[in-house]
Amino acid sequence: MTKEENILTDSFGRKHNYLRISLTEKCNLRCTYCMPESGVLLTPRNQLMNAKEVLEIARLFVKNGVTKIRLTGGEPLLRKDVPEILEGLSNLPVELTITTNAILIDRHIEILKASSLKTINVSLDTLHPEKFNTITKRDQFKKAFDNIELLLQEGFHVKLNVVLLKDFNDTEIIDFIEFTKNKPISVRFIEFMPFDGNSWNKSKLVSYEELLNQVKQNYSSDVLIPLANEENFTARNYKIQGYEGSFGIISSVTNPFCDVCNRIRLTANGKLKNCLFSTSETDLLTSYRKGESIEPIIQEAILKKKAVRSGMNSLEDFEDLMNHNNRSMITIGG
Ligand code: SAM
Ligand code: SF4
């Protein structure tokens, strides 16, 4: 297959080999930056991809060049058929990953161990139980924390996703870095992004620059070690000399990674999003159910991908995203 024929290559030559599949719009937590206060209108069950459809559509993407699949949501481990999905995807020649809030890890640990998953991304925004209750609106800190320990004991590589919010958990940046001292964990600080219903505003953002300044005030340059960027990197990674783990900063707001973007997203109801911030999406599931070939539809969607953040070139445009009609994060799948 030549580069031009590859349906996952866009008009800027970016090859999309990383597919993020949302398994559900439902969640057992209510993180304020993700789930709108008013809740979300759930897609009727019969319009969501069933396990067989998830696997067949994933297989088609793999045939066309996808080499990495991440399961996300909502909370992906809430799906009753998650064992079937994990087993099916483990048989594909891809790097399989998952992003979870960890609440149901203990329930699924044997299934996770039997799958091809090696790395698990867990979202945890604070190391304090009361603050966890505030941000997630659920009293589940201990469960999440114990399950992170369980994942480490079982030999998974754990990446901790921490969405930074000004005056909420920016005071815990150093605590999170210290958390990597004796644990082989990669902490990933994420800039707070605007989505439908999450009351984003610039004053709540903790930027890459602010974060790094705080880090530099606490650690001298001889112990703060920048790590090499991975291919198609989204995080700038560092470690403190002698610490077991590392940390990284994902600056999607102040310093996006669009030029090396290799990601596409499939929502739980089978819509393809060519960019996290695109307000349009392409329905694959309806055509798939009619028995039509969806490859030309996928290619058309990929070719429509814009160079930068779905056409929002400046930070001002991006700030205006709240006025666009994008989905809430919980229904996109982060
Ligand atoms: N429920 C799972 C979890 O929380 O890990 C998976 C779905 S969640 C939508 C995926 C990731 O998106 C999480 O790491 C979450 O912190 C991140 N996220 C959600 N809303 C965000 C926002 N407004 N800005 C930045 N990251 C966000
Ligand atoms: Fe649920 Fe994850 Fe969104 Fe929190 S970030 S509400 S855990 S989907």
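Both counts, for ligands and for their atoms, begin at 1 and track the order of listing.
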(message) Any side-chain to backbone donor/acceptor pair from Lys204 onto Phe168? Under 3.5 Å, distance only.
(response) no

(message) Below 2.8 Å, can you find an N, O or S atom of Cys31 next to atom 4 (Fe) of ligand 2?
(response) yes

(request) For residues Leu23 and Val54, determine if any side-chain heavy atom of one lies less than 4.5 Å from a side-chain heavy atom of the other. (result) yes

(request) Number the atoms of ligand 2 from 1 as they appear, then name those within less than 4.0 Å of a heavy atom of Cys27, with their elements. (result) 1 (Fe), 6 (S), 7 (S), 8 (S)

(request) Look at the aromatic rings of Phe176 and Phe189 and report parallel, tilted or perpendicular, splitting at 30° and 60°. (result) perpendicular

(request) Run the numbers for me: atoms of ligand 1, each under 4.0 Å from some heavy atom of Glu75, listed by number. (result) 1 (N), 2 (C)

(message) Would Asn198 count as being in polar contact with ligand 1, using the rule that some N or O on each side must be under 3.5 angstrom apart?
(response) yes

(request) State plainly whether one hydrophobic cluster holds both Leu29 and Leu151, where clusters connect Ile, Leu, Val, Met, Phe, Trp and Tyr through side-chain heavy atoms under 4.5 angstrom apart. (result) yes

(message) For ligand 1 and Met193, I'd like to know whether there is a polar contact (N/O to N/O, distance under 3.5 Å).
(response) yes

(message) If the contact criterion is a heavy-atom separation under 4.0 Å, does Gly74 count as touching ligand 2?
(response) yes

(message) Polar contacts were defined as any N/O atom of the residue lying under 3.5 Å from an N/O atom of the ligand; does this apply to Asp125 and ligand 1?
(response) no

(message) Rounded at 0.5 Å granularity, tell me how far OG1 in Thr97 sits from NZ in Lys118.
(response) 12.0 Å

Return a table of donor-acceptor pairs under 3.5 angstrom between the side chains of residues 152-165 and protein atoms on other chains or two or more places apart.
residue : atom : partner : partner atom : Å
Glu154  : OE1  : Lys113  : NZ           : 3.3
His157  : NE2  : Ser186  : OG           : 3.0
Asn161  : OD1  : Arg188  : NE           : 3.1

(message) Quick check on contacts: which atoms of ligand 1 are under 4.0 angstrom from a heavy atom of Thr99?
(response) 2 (C), 5 (O), 6 (C), 10 (C)

(message) Below 4.0 Å, non-hydrogen atoms only: which portion of Phe195 touches ligand 1? Side chain, backbone, both or neither.
(response) side chain

(request) Check the hydrophobic clustering (I, L, V, M, F, W, Y; side-chain heavy atoms under 4.5 Å; chains of links allowed) and say if Tyr243 and Ile225 are grouped together. (result) no

(request) Give the numbers and elements of all ligand 1 atoms closer than 4.0 Å to a heavy atom of Gly73. (result) 7 (C), 9 (C)

(message) Which of the numbered atoms in ligand 1 are under 4.0 angstrom from any heavy atom belonging to Asn101?
(response) 2 (C), 3 (C), 5 (O)

(request) Go through ligand 1 atom by atom and flag the ones less than 4.0 Å from a non-hydrogen atom of Phe192. (result) 23 (N), 24 (N)

(request) Indicate, with yes or no, if Tyr18 and Val66 share a hydrophobic cluster defined by side-chain heavy-atom contacts under 4.5 Å among Ile, Leu, Val, Met, Phe, Trp and Tyr. (result) no

(request) Please identify which atoms of ligand 1 are closer than 4.0 Å to at least one heavy atom of Asn161. (result) 14 (O)

(request) Answer yes or no for Cys34: is there an N/O/S atom below the 2.8 Å cut-off from atom 3 (Fe) of ligand 2? (result) yes

(message) I'd like the name of whichever of Ser199, Gly74, Ser123 reaches closest to atom 6 (C) of ligand 1 through any heavy atom.
(response) Gly74

(message) Could you check, using the six-membered ring where one of them is a Trp, whether Tyr33 and Phe195 have ring centers closer than 6.0 angstrom?
(response) no

(message) Using 0.5 Å steps for rounding, measure from the CG atom of Leu55 to the CG atom of Leu92.
(response) 7.5 Å

